Amino acid sequence: MLSRLAAHVVPFFGRLTVTADPGALEPGSILVVNHTSTADPALVLAALRRRLAVEPVLLATAGLWRVPLLGRALTREGYVPVHRNSSRAAAALDHAAVALASGRHVMLYAEGRIPPRPDSAENPPEAFRTGLARLAAVTGAPVVPIGQAGARRITSGGRVKQIAGVLTAPVRRPGLHVHIGAPLRLPADVTAATELAHGAVTEAWRTAAGALGEPAARAHRSR
């Protein structure tokens with residue numbers, strides 16, 4: 001339901017375009033996305049449903065389950081709460097592994113946070129945590145790198161700016177782009193797997209940001 005809702009709502013807030021590299025998406029794949037804004041989960045869910053008819057299980061911060069009505073909807077969709085910095089954090093990977101074994105796709109954010117910058121400019125993916133690599137090692141699931149850009153044009157910065165961004169987005173209709181990379185298999189070594197996944201998501205993000213003419217994509221390419 002939430003993926004379908006995102007597919008209907010996101011175009012109201014901006015002009016969404018989607019591209020994809022060649023490569024079949026296998027059942028039970030891990031979808032890893034760069035995280036830049038509170039708006040980007042809806043953006044990516046809409047893109048996945050539009051391009052691939054995929055409605056993944058999302059790993060999301062546990063605080064969302066405390067929001068009235070939303071928490072119930074997240075549970076109904078089979079989404080997995082992540083209790084960061086607690087003894088319960090590892091349980092999220094166990095629940096994700098069960099979802100993958102059933103053939104569902106699992107979508108997660110390996111950075112673990114939104115970059116703390118006040119403007120709406122794009123930001124390359126920050127360093128990844130190791131949960132993605134450990135989940136891939138345990139399940140043997142393929143990893144699909146996904147890059148999104150433009151979500152910060154809807155919401156970014158402090159709370160007041162975020163609210164203003166959401167209220168004005170239907171008028172501004174900013175460009176939004178999602179690029180779905182080709183699936184890859186991560187090596188068993190956690191460090192090497194984390195670096196490989198980070199590089200692949202960075203390339204997917206660069207493609208998405210480049211499609212919107214974001215200066216950050218050109219700066220990243222020149223390094």
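Not measured: the values here are computed from a predicted model.
In this structure H35 satisfies the side chain to side chain donor-acceptor pair (under 3.5 Å) test together with D40, sequence neighbours excluded. Scored by the side chain to side chain donor-acceptor pair (under 3.5 Å) test, R4 finds no partners at all (sequence neighbours excluded). Partners of E195 according to the salt bridge (charged side-chain N to carboxylate O under 4.0 Å, His left out) rule, which considers only residues two or more places apart in sequence or in another chain, do not exist here.
Distance check: I30 CD1 to I146 CD1 gives 12.0 Å after rounding to the nearest 0.5 Å. Taken from CG in D189 to OG1 in T194, the straight-line distance is 8.5 Å, to the nearest 0.5 Å. A distance of 5.5 Å separates CG in L93 from CZ in R134, rounded to the nearest 0.5 Å.
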Review point. Does the side-chain contact (heavy atoms from CB on, under 4.5 Å) test come out yes or no for L196 and F128, once each step is laid out?
Key: CA-CA 10 Å; L196 178 61; F128 280 6; over 6 Å; no

Worksheet item: What's the verdict on side-chain contact (heavy atoms from CB on, under 4.5 Å) for I154 and L176, showing C-alpha distance, side-chain angles and the deciding distance?
Response: CA-CA 9 Å; I154 299 176; L176 313 168; 3.9 Å; yes

- Please assess T36 against E122 for the test side chain to side chain donor-acceptor pair (under 3.5 Å), listing each intermediate value before the final yes or no. CA-CA 8 Å; T36 62; E122 285 297 315; 4.8 Å; no

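Within the 3.5 Å criterion, the main-chain N or O of L5 finds no donor-acceptor partner in the side chain of R49. Side chain of R15 to backbone of R173: a donor-acceptor contact under 3.5 angstrom is found. Side chain of E126 to main chain of E111: no donor-acceptor pair is present (N/O by atom type, distance under 3.5 Å, no hydrogens or angles).
Among residue pairs with one or both ends in residues 140-183, none qualify as ring-ring contact (aromatic ring centres under 6.0 Å, His included); sequence neighbours excluded. Within the structure, side-chain hydrogen bond (donor to acceptor under 3.5 Å, both in side chains) contacts touching residues 91-105 (residues at least two apart or in different chains) do not occur.
Hydrophobic clustering (ILVMFWY, side-chain heavy atoms < 4.5 Å, transitive): I114 and M107 are in distinct clusters. No chain of hydrophobic side-chain contacts below 4.5 Å, direct or via other Ile, Leu, Val, Met, Phe, Trp or Tyr residues, connects V9 to I163. Under the 4.5 Å side-chain heavy-atom criterion for Ile, Leu, Val, Met, Phe, Trp and Tyr, V138 and V32 are members of distinct hydrophobic clusters. The cluster map of Ile, Leu, Val, Met, Phe, Trp and Tyr, joined by side-chain heavy atoms under 4.5 Å apart, puts V166 and F12 in the same cluster. L212 and L16 fall into different hydrophobic clusters, where Ile, Leu, Val, Met, Phe, Trp and Tyr side chains are chained together by heavy-atom contacts under 4.5 Å.
Within the 4.5 Å cutoff, the side chain of L48 has no heavy atoms near those of the E55 side chain. Counting heavy atoms from C-beta on, the side chains of I180 and L25 never come closer than 4.5 Å. By the 4.5 Å heavy-atom criterion applied to side chains, D119 and R152 are counted as neighbours. Two residues are said to be in side-chain contact when any heavy atoms from C-beta on lie closer than 4.5 Å; E214 and R153 meet this criterion. The side-chain heavy atoms of L58 and Y109, taken from C-beta on, include a pair separated by under 4.5 Å. Residues P125 and H198 are in side-chain contact: their nearest non-hydrogen atoms beyond the backbone lie under 4.5 Å apart. Proximity of V44 to L31: side-chain heavy atoms (C-beta onward) are nowhere separated by under 4.5 Å.
Residue A169 comes nearest to P174 through the heavy atom pair O-CD, 3.7 Å, listed as atom of the first residue, atom of the second, then distance. Nearest approach of L135 to A97, heavy atoms of both residues: CD1-N, 3.9 Å. The nearest pair of heavy atoms linking S3 to P56 is OG-CD, 4.1 Å. Shortest non-hydrogen contact noted between D21 and G181 is OD2-CA, 3.5 Å. Heavy atoms only, all atoms of each residue included: A182 and P145 are closest at O-CD, 3.3 Å. Closest approach of L132 and A197 over heavy atoms only: CD2-CB, 3.5 Å.
Just one of T17, V10, L43, L45 meets the side chain to side chain contact (heavy atoms under 4.5 Å, CB included) condition when paired with V178; it is L43.
Counting side-chain heavy-atom gaps under 4.5 Å among Ile, Leu, Val, Met, Phe, Trp and Tyr, V190 is found in no cluster with other residues.
Using a 3.5 Å distance cut-off with no hydrogens or angles, the side chains of T155 and S37 do pair a donor with an acceptor.
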